[in-house]
Peer 1: 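Have a look at this one.
All chains are named by letter (A, B, ...) in the order of the sequence lines, taking the proteins before the strands, and each is independently numbered beginning at 1. Note that the structure is predicted; figures quoted are calculated from it, not measured.
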Number of protein chains: 2
Amino acid sequence: MSGVSAPRQVDVYRDEISQRIPVHQQVYEDLRSRILFGELAPGQPVTIQGLVETLGAGMTPVREAIRRLTSEGALEFQGNRRVTVPTPNTACIEELIVARRALEPELARRATHKASPQDIDILEGIDTALDAAIARGDVSAYLHLNYEFHSKLYTIASTPVLLAIVEGLWLRFGPSLRVVCGRMGTQNLPDKHKETVAALRAEDEEAVAAAIRDDVVQGMEQVREVLESNALTGEMIDT
Amino acid sequence: MSGVSAPRQVDVYRDEISQRIPVHQQVYEDLRSRILFGELAPGQPVTIQGLVETLGAGMTPVREAIRRLTSEGALEFQGNRRVTVPTPNTACIEELIVARRALEPELARRATHKASPQDIDILEGIDTALDAAIARGDVSAYLHLNYEFHSKLYTIASTPVLLAIVEGLWLRFGPSLRVVCGRMGTQNLPDKHKETVAALRAEDEEAVAAAIRDDVVQGMEQVREVLESNALTGEMIDT
DNA sequence: CAAGAAAATTTTTGATCAAGTTTAGGGCAT
DNA sequence: ATGCCCTAAACTTGATCAAAAATTTTCTTG
């Protein structure tokens, strides 16, 4: 071809801003966020073609995202080719409690000495915003900020394997958290974030681990309660 | 609710013979097995088109299988569109030790009371075959049977969430086990399977958990040792 | 004649493949 | 050693085929 002095068409676009993110990655992140924060309710079916139309993406990327989320437990094969957001039962919640209680304090412990003062400030800032969200009854903001607090803390630990496991756990009970808020409101959602921040400032490993353990157990117990009362009242899976 | 809901859905004969397994599932299982048992070495690149040609499958199913395994930690994005079998470093092994030590004894404990005499017989049979494999230096058989022993035990626990997590852990250190065997042979690979079986027969939860804990720690320490000696001797990792 | 259920048809959705487009990495020339 | 170009591989789309759900039709029975 000629093009001796021909400028290449895509020469400048390769800056940092461009960041060619593959479509399957975008779809994955979008779906993941919507599941994690309860925008897709438990039991809700997720169809490939529906996502293709909604997101305007091709079929293969959507399939890849669904496979990925299925293997993370965020979606569930419903027997015959159907995929839904899972509805955890009591036994599942029990397992999640065991796993979170075993792993998250460990992550918190490892984050203790690695947390810089700025990190702790950020965590405190998240918690402040979280309190504000609770005060005005903003469920979505509460869910996002609560996740952000834990995620930030665990990221500080710099333990990628443990982090991946725990993030997978959050995907499993995330949809239920919104149901809990719908039942109990945001007022009765105590946490141990201030204790966590104080223990981090004191660099007290055990105290950080204990605060996170209490936070985790407290939160999961509420999920279990609401789940059991839901199972009793009626299986209303309305749209 | 429409109370009719007559079970007019006649069960298709698909139970026994038909069993139409999707291609993406077959590819997933094939790849998973090859990674878990070290047929794909750590660091080895995995290309989509290579698999398409090797397996004779289409591109979409292969992509789905790779996404799934990537999200399970069995494969790894190598930055720019490249996928390889991960090469765990010491920090990664440390994390795996923490996670396995936290979760597998818990699974074993829960399996104790659910294990039927037949289940225990099966476990003992696997261990006998395992000893035979060690005696004749059959690395592949050793790897398969060792996995089978643990997998069988954890399946008995009937805790799907914990099981999924632990199987994910196995995928991460599986490729390294073959490297360990290549270094140390099969003779010096002690386990605590007989102690486990005896404790199961006695229905002694704590003893079962302790045996599995020792087995896990013992095995992972060997992985760590070989990994460190490998890191010292040959930096064969591409820059 | 009406009502309900079984069967057949339609329609929606999932699974797979093949072709076109884009991008990263290696080879080659200067 | 540096920069351009070319190849090979990843990414994406659209089309096609098969399977399952929804709907309609028809047949049987009270």
Peer 1: Quickly work out the I48(B) CD1 to dA24(C) P distance and round it to whole Å.
Peer 2: 15 Å
Peer 1: Is a salt bridge present between R224(B) and E221(B), judged by a nitrogen-to-oxygen distance below 4.0 Å?
Peer 2: yes
Peer 1: To the nearest Å, how far apart are Q78(B) CD and dA9(D) P?
Peer 2: 17 Å
Peer 1: Would you call E106(A) and R110(A) a salt bridge, taking side-chain N to carboxylate O under 4.0 Å as the test?
Peer 2: yes
Peer 1: So, the side chain of S33(A) versus the backbone of D30(A): is there a donor-acceptor pair under 3.5 Å, distance only?
Peer 2: no
Peer 1: Let's see if you can work this out: which of dG14(C), dC11(D), dG25(C) has an atom nearest to the side-chain heavy atoms of R82(B)?
Peer 2: dG25(C)
Peer 1: Any side-chain N or O of N80(B) less than 4.0 Å from the OP1 or OP2 oxygen of dG25(C)?
Peer 2: yes
Peer 1: Figure out the CD1/C1' separation between I66(B) and dA10(D), and round it to whole Å.
Peer 2: 10 Å
Peer 1: Once you round it to whole Å, what is the distance between P of dA21(D) and CD of Q49(A)?
Peer 2: 15 Å
Peer 1: Between R67(A) and dG14(C), is there a contact of a side-chain N or O with OP1 or OP2 at under 4.0 Å?
Peer 2: no
Peer 1: Between the protein and nucleotides 16-20 of chain C, list every N/O to N/O distance that falls short of 3.5 Å.
Peer 2:
residue, atom, partner, partner atom, Å
dT16(C), OP1, V23(B), N, 2.3
dC17(C), OP2, G58(B), N, 2.6
dC17(C), N4, T60(B), OG1, 3.0

Peer 1: Answer with yes or no whether the side chains of E53(A) and Q49(A) bring together a donor and an acceptor at under 3.5 Å.
Peer 2: no
Peer 1: Is it the case that the side chains of S140(B) and R178(B) hold a donor-acceptor pair, with the cut-off being a distance below 3.5 Å and no angle test?
Peer 2: yes
Peer 1: Is any side-chain heavy atom of T70(A) closer than 4.5 Å to one of R68(B)?
Peer 2: no
